[in-house]
Amino acid sequence: HPILKHSLPNMLGQFDALAPETLALIMQRPEFQAPSEMRLSWSAIRNLVPIIYRTIKAFLWEDLTGLVARVNEIVDEHVQTSQTRLRDVKTDVEKVHVIINLIQSFYRVVLKWVPYFVAGELAKRLLMKIASRWQDVIDIEALSLGLSGNMVTEMNLKIGDLADIARQSPQLIAHFNTLHDDSHMWLEEASQLADTAPFMERWNEFIAYYGARGSSEIDIMAQHWYEDPLPVLQVIASYLKKEKGAHRVQHQKLVQERVQALEKLQDQARKGMFGWVRLPFIKRLVHLMSEGSVLREHHKFMVLLILRMVKGIIKQQALDFTKAHKIRSADDIWFFTLPELLALHEGEDLYGIAEDRREQMKRYEKLSPPMVLTSEGETPVVKYQLDDAPEGALLGNAVSAGIVEGRVHVILDPQIETIQAGEILVASFTDPGWTPLFINAGGLIMEIGGIMTHGSVVAREYGIPAVVGVRDATTI
């Protein structure tokens, strides 16, 4: 395809630096050189044109001030509406139909702010490109640090605030030293201690809002923080070993570095014959980046809030199916599709499906998926090439500038493991459920990832040196 053959590798390169090279190997084949028969349908064009127009409008002249607050209101309103719809229907079958409808209509809500996010991301990338003419890597990365409104950043600041509130109770501080695997029992014990009411109140507020997060959080079967909050409690325990307010100090440091980098950029931009044009344009890009690019987590967060409600409904139905001997155990429910859930309600016998799929999952968990898989089953392999690399060096893609030396700590499951301050986090990948571990991390190494994957973005926001795409880093 005349457009996709260039744009697709560039896009995939944002998520794994080796992806474009891997695709290039495949695209050398004759079957890939033939003219593409792919055509956009009129329906697709009709849907795309309004989105493109809104993105251009947002980029060129729309004032995005207060955008994050407006999007937060949209998310809250949609979640409340979804909750009401699920509550108002009476039968289990009706609830499943509502769940299906909520999933199918989700994109309509997200499209209310996607053009603003795209405009913000485009502005950020253009700003970085312009800045590269005058600034070094450190200053360029600083331009996007410490931005307010990002869902993950705000969540992590609130975890630090919880630690500062916990400091008000010496008994609670001592209790954190006895943190054990049964987090709910530990919290019940904590609530009985002196002067813990302020902490428990804020804790309950935090879990009510952010409790749907967790490792592999988009998987409804996975444990989330409202089900097992141990990972968050472990992070709070780590914060208690630091100075009070250290998280706010670190965030403010990033804000100050961004302000200084922007001042340097604007000083350079106003110089020369076209400075009077260049400076307002850069200020426009900064506005778009600050207001729009921080929305990158809002769509996923809204899904998690709705899935939290959905999970409660499905778990109750699973108990009913178990009592009726339609499934072996309540956990079998996660191995059915929603249409199959309707079939169970209608009396269809699907008793053995869950066990078969459970066995399939066990086999799949032992496999390592390739980056690219052709229709013939081939898996092209490419590696980083660096002529002056020392013998035996582990090569990867630098995504956050800096140099660090420390003890590495391989984490496979952030639900049951944590790291100590200054340790270098080594993981296959990360998602927002891993973010609290970044608070103590001195550096980051990931097996997969690119410049725009979660770990890379968060590492830059926290000022943590990071290298991604280090194959087999967790098993060496």
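Values below: every heavy atom of this structure, side chains too, minus hydrogens, waters and symmetry copies.
Using a 4.5 Å heavy-atom cutoff, the side chains of Leu338 and Ile103 are in contact. The side-chain heavy atoms of Val458 and Leu444, taken from C-beta on, include no pair separated by under 4.5 Å. Taking 4.5 Å as the limit, some side-chain heavy atom of Arg296 sits within range of a side-chain heavy atom of Asn150. Counting heavy atoms from C-beta on, the side chains of Leu179 and Gln234 come closer than 4.5 Å. Residues Ser428 and Met446 have side chains not in contact (no heavy-atom distance under 4.5 Å, counting atoms from C-beta outward). For the pair Met309/Ser82, a side-chain contact is recorded, criterion being any heavy-atom separation below 4.5 Å from C-beta on. A 4.5 Å side-chain heavy-atom check between Asn440 and Gln420 finds every atom pair outside the cut-off. Counting only heavy atoms from C-beta outward, the side chains of Val294 and Ser290 never approach each other to under 4.5 Å.
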>> Apply side chain to side chain contact (heavy atoms under 4.5 Å, CB included) to residues Ser400 and Glu141 and explain how you reach the verdict.
In response: CA-CA 8 Å; Ser400 182; Glu141 288 192 354; 4.0 Å; yes

> Going through the distances and angles, do Thr196 and Leu193 end up as a side chain to side chain contact (heavy atoms under 4.5 Å, CB included)?
Replying inline: CA-CA 6 Å; Thr196 59; Leu193 300 175; 3.6 Å; yes

> Step by step, would you call Glu346 with Val93 a side chain to side chain contact (heavy atoms under 4.5 Å, CB included)?
Replying inline: CA-CA 9 Å; Glu346 293 168 1; Val93 171; 5.9 Å; no

>> Applying salt bridge (Lys or Arg N to Asp or Glu O under 4.0 Å) to Arg308 and Glu217, what does each step give before you reach the verdict?
In response: CA-CA 10 Å; Arg308 180 174 179 172; Glu217 57 194 6; over 6 Å; no

> Is there a side-chain hydrogen bond (donor to acceptor under 3.5 Å, both in side chains) between His345 and Gln317 once you walk through the steps?
Replying inline: CA-CA 9 Å; His345 282 296; Gln317 293 189 13; 2.8 Å; yes

> Would Phe176 and Trp186 count as a side chain to side chain contact (heavy atoms under 4.5 Å, CB included) if you check the C-alpha gap in whole Å, the side-chain angles of each, and the deciding distance to 0.1 Å?
Replying inline: CA-CA 9 Å; Phe176 266 101; Trp186 185 92; 3.6 Å; yes

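By the neighbour-count criterion of 12 heavy atoms within 6.0 Å, atom CZ of Arg85 is densely surrounded, having more than that number from other residues, nucleotides or ligands. The neighbour count for Asn177 CG, taken as heavy atoms of other residues, nucleotides or ligands under 6.0 Å away, is above 12. Within 6.0 Å of CH2 on Trp61 lie more than 12 heavy atoms contributed by other residues, nucleotides or ligands. Annotation for His180: atom NE2 counts as buried by contact number, over 12 foreign heavy atoms lying within 6.0 Å. More than 12 heavy atoms of other residues, nucleotides or ligands sit less than 6.0 Å from atom CD of Glu355.
The two atoms that bring Tyr239 and Ala163 nearest to each other are CB-CB, 3.5 Å, heavy atoms only. Contact detail for Pro229 and Ile207: the closest heavy-atom pair is CB-CD1, 4.3 Å. In terms of heavy atoms, Ile74 sits closest to Val109 at CG2-CG1, 4.0 Å. Shown here for His409 and Thr418, the closest heavy-atom pair between the two residues is CE1-O, 3.2 Å. Leu240 and Ala166 get closest at one heavy-atom pair: CD2-CB, 4.3 Å. The heavy-atom pair separating Leu304 from Ala212 by the smallest distance is O-CB, 3.5 Å.
The CD1 atom of Ile236 sits 11.0 Å away from atom CZ of Arg167, with the distance rounded to the nearest 0.5 Å. To the nearest 0.5 Å, atoms CD (Glu359) and CE (Met361) are separated by 9.5 Å. To the nearest 0.5 Å, the span separating NZ on Lys315 from CG on Asp331 amounts to 8.5 Å. Remark: Ile333 CD1 to Leu319 CG distance equals 9.5 Å, nearest 0.5 Å. Separation of atoms CD (Glu417) and CG (Leu230) is listed at 11.5 Å; rounding is to 0.5 Å. Residue Met200 holds its CE atom at 11.5 Å from OG of Ser169, rounded to the nearest 0.5 Å.
Using a cut-off of 4.0 Å between Lys/Arg side-chain N and Asp/Glu carboxylate O, Glu340 and Arg357 are scored as salt-bridged. Look at Asp332 and Arg358 and you find a salt bridge, because one of the NZ, NE, NH1 or NH2 atoms lies within 4.0 Å of a carboxylate O, short of that distance. Ion pairing between a basic and an acidic side chain is recognised when a charged N comes within 4.0 Å of a carboxylate O; Arg213 and Glu297 show such pairing. Ionic pairing of Lys326 and Glu348 is not present here: no N-O contact between side-chain nitrogen and carboxylate oxygen is shorter than 4.0 angstrom.
No side-chain donor-acceptor contact under 3.5 Å links Lys95 to the backbone of Lys90. Checking side-chain atoms of Asp431 against main-chain N and O of Ser216 turns up a donor-acceptor pair under 3.5 Å. When atom types are taken as modelled, the side chain of Thr453 and the backbone of Gly449 share no donor-acceptor pair closer than 3.5 angstrom. A distance-only check finds a donor-acceptor pair linking the side chain of Arg54 to the backbone of Lys112 [under 3.5 Å]. Looking at His224, its side chain never comes within 3.5 Å of a backbone N or O of Tyr226 through a donor-acceptor pair. A donor-acceptor pair under 3.5 Å is absent between the side-chain atoms of Asp472 and the main chain of Thr475, judged by distance alone. Side-chain N or O atoms of Glu94 include one that pairs as donor or acceptor with a backbone N or O of Thr91 at under 3.5 Å. Side-chain atoms of Arg471 come within 3.5 Å of backbone N or O of Glu447 as a donor-acceptor pair. Arg258 places a side-chain N or O within donor-acceptor distance of the main-chain N or O of Leu145, the cut-off being under 3.5 Å.
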Tabulate below the donor-acceptor pairs under 3.5 Å that side-chain atoms of residues 116-128 make, not counting sequence neighbours, or state none.
unit_1, atom_1, unit_2, atom_2, d
Tyr116, OH, Glu62, OE2, 3.0
Glu121, OE2, Lys124, NZ, 3.3

For a quick test of your reading: what N or O donor-acceptor pairs under 3.5 Å do the side chains of residues 66-73 make, sequence neighbours left out?
unit_1, atom_1, unit_2, atom_2, d
Arg70, NH1, Thr65, O, 2.9
Asn72, OD1, His298, NE2, 2.8
Asn72, ND2, Val68, O, 3.4

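No close placement of the Trp113 and His299 rings is indicated, their centers lying 6.0 Å or farther apart.
With Tyr351 as the aromatic partner, Arg328 does not meet the cation-pi criteria of under 6.0 angstrom to the ring centre and within 45 degrees of the ring axis. Figure legend: cation-pi geometry between Lys311 and Trp334, with NZ or CZ positioned under 6.0 Å from the six-membered ring centre and within 45° of its axis.
In the model, His454 has no side-chain atom that pairs as donor or acceptor with a side-chain atom of Trp434 under 3.5 Å. Thr81 and His78 are not linked by any side-chain donor-acceptor pair at a separation below 3.5 angstrom, with hydrogens and angles left out of the test.
Using bins of under 30°, 30° to 60° and over 60° for the plane-to-plane angle, the ring pair Tyr210/Phe206 lands in the tilted bin.
The salt bridge (Lys or Arg N to Asp or Glu O under 4.0 Å) analysis of residues 153-163, with sequence neighbours excluded, yields the pairs Asp161-Arg248.
Partner of Ile411 under the side-chain contact (heavy atoms from CB on, under 4.5 Å) criterion, out of Leu425, Thr474, Val426: Leu425 alone.
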